[in-house]
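As structure tokens, the structure follows; a few thoughts come after it.
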Amino acid sequence: EDQVTQSPEALRLQEGESSSLNCSYTVSGLRGLFWYRQDPGKGPEFLFTLYSAGEEKEKERLKATLTKKESFLHITAPKPEDSATYLCAVQRIQGAQKLVFGQGTRLTINP
Amino acid sequence: NAGVMQNPRHLVRRRGQEARLRCSPMKGHSHVYWYRQLPEEGLKFMVYLQKENIIDESGMPKERFSAEFPKEGPSILRIQQVVRGDSAAYFCASSLGQGGEKLFFGSGTQLSVL
């Protein structure tokens, strides 16, 4: 069974304090790994898709990386507006229409 | 460009009543997905539909739940005879294609069963 585990569950940082969120996964035939951001009361908002080990993608203060067993979301010099829950999801080659999500990391950036 | 529209945003039902959740995908999208988010749990896939077809309903509970995406109009997730355990946030997403395409999510319907 596909599994996605995110850590930590919650993380508090000071503005400007860089850190990383972890997403460990077990999937039979990975097609893609997705990162989403979810604000309270809203639906998830797409950030990145990674397809192969060694791939990296960047967007503003965020950078996502992928290995064969895990993905990291690095946040550099975060701002209060980066506060949100960050979700990781995997998509397998067979049954590619569904995503298996982790429980998320709730990130709070204090000014 | 309107995004994925879900209504109602909040729905309160008493045990035994029916709940109908609606989802209009983004313009031009013909693939619709429903996910459920229970308190303190991650998003769980329920069903994937294309116009007039259910493609994958492997995440749907076997009883009381059904979904449709008619040729005209929004996709509907229907829950009959609701129970307290059905209380959750239900999210709809749409995509332009299938498999590998990023999903665009609506803001969800929060269902509360009294």
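Keep in mind that the numbers below use all heavy atoms, side chains included, and drop hydrogens, waters and symmetry copies. Chain letters run A, B, ... following the sequence lines, proteins first, then strands; residues in each count from 1. These numbers come from a predicted model, not from an experiment.
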Is A:Leu33 linked to A:Ile75 within one hydrophobic cluster, defined over Ile, Leu, Val, Met, Phe, Trp and Tyr using a side-chain heavy-atom separation of less than 4.5 Å? yes

Taking atom CD of B:Gln17 as the centre, report whether more than 12 heavy atoms of other residues, nucleotides or ligands fall under 6.0 Å from it. yes

Other residues, nucleotides and ligands only: do more than 12 of their heavy atoms fall within 6.0 Å of CD on A:Glu17? yes

At under 4.5 Å between heavy atoms, what parts of residues 100-110 of chain A are in contact with chain B? List them by residue number. A:Phe101, A:Gly102, A:Gln103

More than 12 foreign heavy atoms under 6.0 Å from CZ of B:Arg9: is that the case here? yes

For chain A, which residues of residues 106-114 of chain B have heavy atoms nearer than 4.5 angstrom: B:Gly106, B:Ser107

Could you see if B:Val4 belongs to whatever hydrophobic cluster contains B:Met46? Use Ile, Leu, Val, Met, Phe, Trp, Tyr and a side-chain cutoff under 4.5 Å. no

May I ask you to check whether over 12 heavy atoms, not counting those of A:Arg12, lie within 6.0 Å of atom CZ? no

Counting only non-hydrogen atoms closer than 4.5 Å, can you tell me which residues of residues 80-89 of chain A sit against chain B? A:Leu87

Is B:Phe104 in contact with chain A via its backbone, its side chain, both, or neither, using a 4.5 Å heavy-atom distance? neither

Say whether A:Val4 and A:Trp35 are linked into one hydrophobic cluster, either directly or through other cluster members, by side-chain heavy-atom distances under 4.5 angstrom. yes

What pair of heavy atoms forms the shortest contact from B:Lys102 to A:Phe46, and how long is it? CD-CD2, 3.2 Å

Could you look at A:Gln38 and say if it's the side chain, the backbone, both or neither that has a heavy atom under 4.5 Å from chain B? side chain

Are there more than 12 heavy atoms of other residues, nucleotides or ligands under 6.0 Å from atom CD of A:Glu15? yes

Within this structure, what is the CZ-NZ distance for the pair B:Phe91 and A:Lys42, rounded to the nearest 0.5 Å? 11.0 Å

Is it the case that the side chain of B:Tyr33 and the backbone of A:Leu99 share a donor-acceptor pair, with hydrogens and angles ignored and the cut-off at 3.5 Å? no

Would you say the side-chain atoms of A:Tyr36 pair up with the backbone N or O of B:Leu103, donor to acceptor, closer than 3.5 Å? yes

Option that, when pairs with chain A are counted at under 4.5 Å, heavy atom only, ranks first among B:Lys44, B:Gln6, B:Gln37: B:Gln37

Are A:Leu47 and A:Leu13 connected in a single hydrophobic cluster, I mean Ile/Leu/Val/Met/Phe/Trp/Tyr linked by side-chain heavy atoms less than 4.5 Å apart? yes

Is it true that B:Phe45 and B:Leu43 fall in one hydrophobic cluster, defined by side-chain heavy atoms closer than 4.5 Å? yes

Positions in residues 57-66 of chain B that reach chain A, provided some heavy atom is under 4.5 Å away: B:Ser58

Would you say NZ of B:Lys51 has more than 12 non-hydrogen atoms from neighbouring residues, nucleotides or ligands within 6.0 angstrom? yes

